[in-house]
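Presented below is the structure to which this report refers.
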Amino acid sequence: MNWVKRLTEQPALSREEWRAFFAALTDESKEEIKHHAVSARRDHYGADVYMRGLIEFTNYCKRNCSYCGIQGSNRQVQRYRLTEDEILSCCDQGYWLGYRTFVLQGGEDPFFTEDRIVRLVKRIKKTYPDCAVTLSVGEWPKSSYQAFFDAGADRYLLRHEAASDKLYRALHNGESNAKRLQALWDLKEIGFQIGAGFMVGAPGQTLDDLIDDLIFLQALQPHMVGIGPFLPQSDTALADAEPGTLEWTCLLLSIIRLILPEVLLPATTALGSLDPKGRERGLLAGANVVMPNLSPTNVRDLYALYDGKICTGDEAAHCRQCIEKRIASTGFRVNMTRGDHPTRRNLYAIEC
């Protein structure tokens, strides 16, 4: 069986077929997978890499995920939350730099109630009607997701972290993943462009766990998938765990590109934190999104999900110039438009 050909022609593999696929991998077949992944992204996106402006607006969090540096029980964290005006100031700077998507990311901070997030989204959309707003603010009731959507939010990122309930419980203090997985289905039903994703190399993760993730993504058909290597944080219980690898993360990026050819696929900051050329390697494995930081420089190193995070001291303009050069070095080009999923492009009358 030529598994690479099978994956490119009929990507919906069964669990047994996924096991056989991974068992048959060779260095040669990995290169072939990467080649097909880059070809697939060119078929749907040409040479474009979409830029998103990331605003990490609060590092308060009520949850205690065992791998996360901003978990609520971590007393070593210097907490911050940006005001609404400060967030809009980040958007002002980002808009001037050409960004047309703003990603609002934060811990599950009780201060930012449904009403506050609705008001914030409405203000951004009123000020920048030609821009997309992406929320990445964790788990909420379905009614809150609906309120965010009605306020004008376009996209919602909620990494499922682990489709395996056993692994999810191990990483989340015994909590089931049922609520999180259902949230993604709810968000899609409401009409969001949704983003799921998982860590690669999380402590205790097995090949079958990764297969669970791939099967879940095939069923969900998200518009975006964010994966990155597990990176330990020194104040967590997993501080001494081995990090995930660049090789496996890039291989999975390529596989995801093949099973979801139109997906928006970031080359994450975590990749760049793991390896100086990590984001470039991600783009050359099939990724087509990068998210430079628009947060104020005085808080960037406080949003410490893991140790060794890059670009915490760079001004927003420098971040854009740096990543633009990196993208060009891979043979791709920056695209500063909203960068909607192909199935949604015709729904928006305003394009940058």
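All figures in this text were calculated on a predicted structure; none of them were measured in a lab.
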Point to revise | Lys NZ or Arg CZ of Arg116 over Phe111 ring: under 6.0 Å, within 45° | key: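 Yes; both conditions hold, so Arg116 lies above the ring face of Phe111.
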Review point. Tyr95 ring centre to Arg100 NZ or CZ under 6.0 Å, with the angle to the axis within 45°?
Key: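 Judged by the rule, Arg100 and Tyr95 form a cation-pi pair.
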Check your understanding: Once the angle between the rings of Phe198 and His160 is folded into 0 to 90°, is it parallel (under 30°), tilted (30 to 60°) or perpendicular (over 60°)?
Key ->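 Plane angle between 30° and 60°, so tilted.
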Review point. Where does the angle between the aromatic ring planes of His172 and Tyr168 fall among parallel (under 30°), tilted (30 to 60°) and perpendicular (over 60°)?
Key: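 Taking Tyr168 first and then His172, their aromatic rings lie parallel (interplane angle under 30°).
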Within a strict 4.5 Å, meaning less than it, do heavy atoms of the [X] and [Y] side chains meet?
{"X": "Gln10", "Y": "Glu17", "result": "no"}
{"X": "Leu271", "Y": "Pro229", "result": "yes"}
{"X": "Leu88", "Y": "Leu120", "result": "yes"}

Practice item. List for me each residue that meets salt bridge (Lys or Arg N to Asp or Glu O under 4.0 Å) alongside Arg180, sequence neighbours excluded, and say none if there are none. Key: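 Scan of Arg180 (salt bridge (Lys or Arg N to Asp or Glu O under 4.0 Å), adjacent residues dropped) gives Glu139.
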Exercise for review: Assess the side chains of Asp340 and Gln193: does a donor N or O sit below 3.5 Å from an acceptor N or O?
Suggested key: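 Side-chain D/A pair, Asp340 to Gln193: present.
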Answer yes when [X] and [Y] have at least one side-chain N-carboxylate O distance shorter than 4.0 Å, and no when they do not.
{"X": "Asp154", "Y": "Arg338", "result": "yes"}
{"X": "Arg123", "Y": "Asp85", "result": "yes"}
{"X": "Asp235", "Y": "Arg75", "result": "no"}
{"X": "Arg333", "Y": "Asp48", "result": "yes"}
{"X": "Arg81", "Y": "Asp109", "result": "yes"}
{"X": "Arg169", "Y": "Asp165", "result": "yes"}

Check your understanding: Got a sec: does the NZ of Lys122 have more than 12 other heavy atoms crowding it under 6.0 Å?
Key ->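 Not more than 12 within 6.0 Å, no.
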Review point. Should Ile124 and Leu104 be marked as a side chain to side chain contact (heavy atoms under 4.5 Å, CB included) after you check the CA-CA gap, both sets of side-chain angles, and the distance that decides it?
Key: CA-CA 11 Å; Ile124 294 172; Leu104 305 184; 3.7 Å; yes
**Study point:** Working for side chain to side chain contact (heavy atoms under 4.5 Å, CB included), residues Ile194 and Leu220
**Key:** CA-CA 10 Å; Ile194 62 165; Leu220 181 66; 3.9 Å; yes
Check your understanding: Roughly how far apart are Leu187 CG and Gln182 CD, rounded to 0.5 Å?
Key ->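 The CG atom of Leu187 sits 10.0 Å away from the CD atom of Gln182.
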Practice item. Tell me, with the steps shown, if Thr337 and Asn335 meet side-chain hydrogen bond (donor to acceptor under 3.5 Å, both in side chains). Key: CA-CA 6 Å; Thr337 66; Asn335 185 321; 2.7 Å; yes
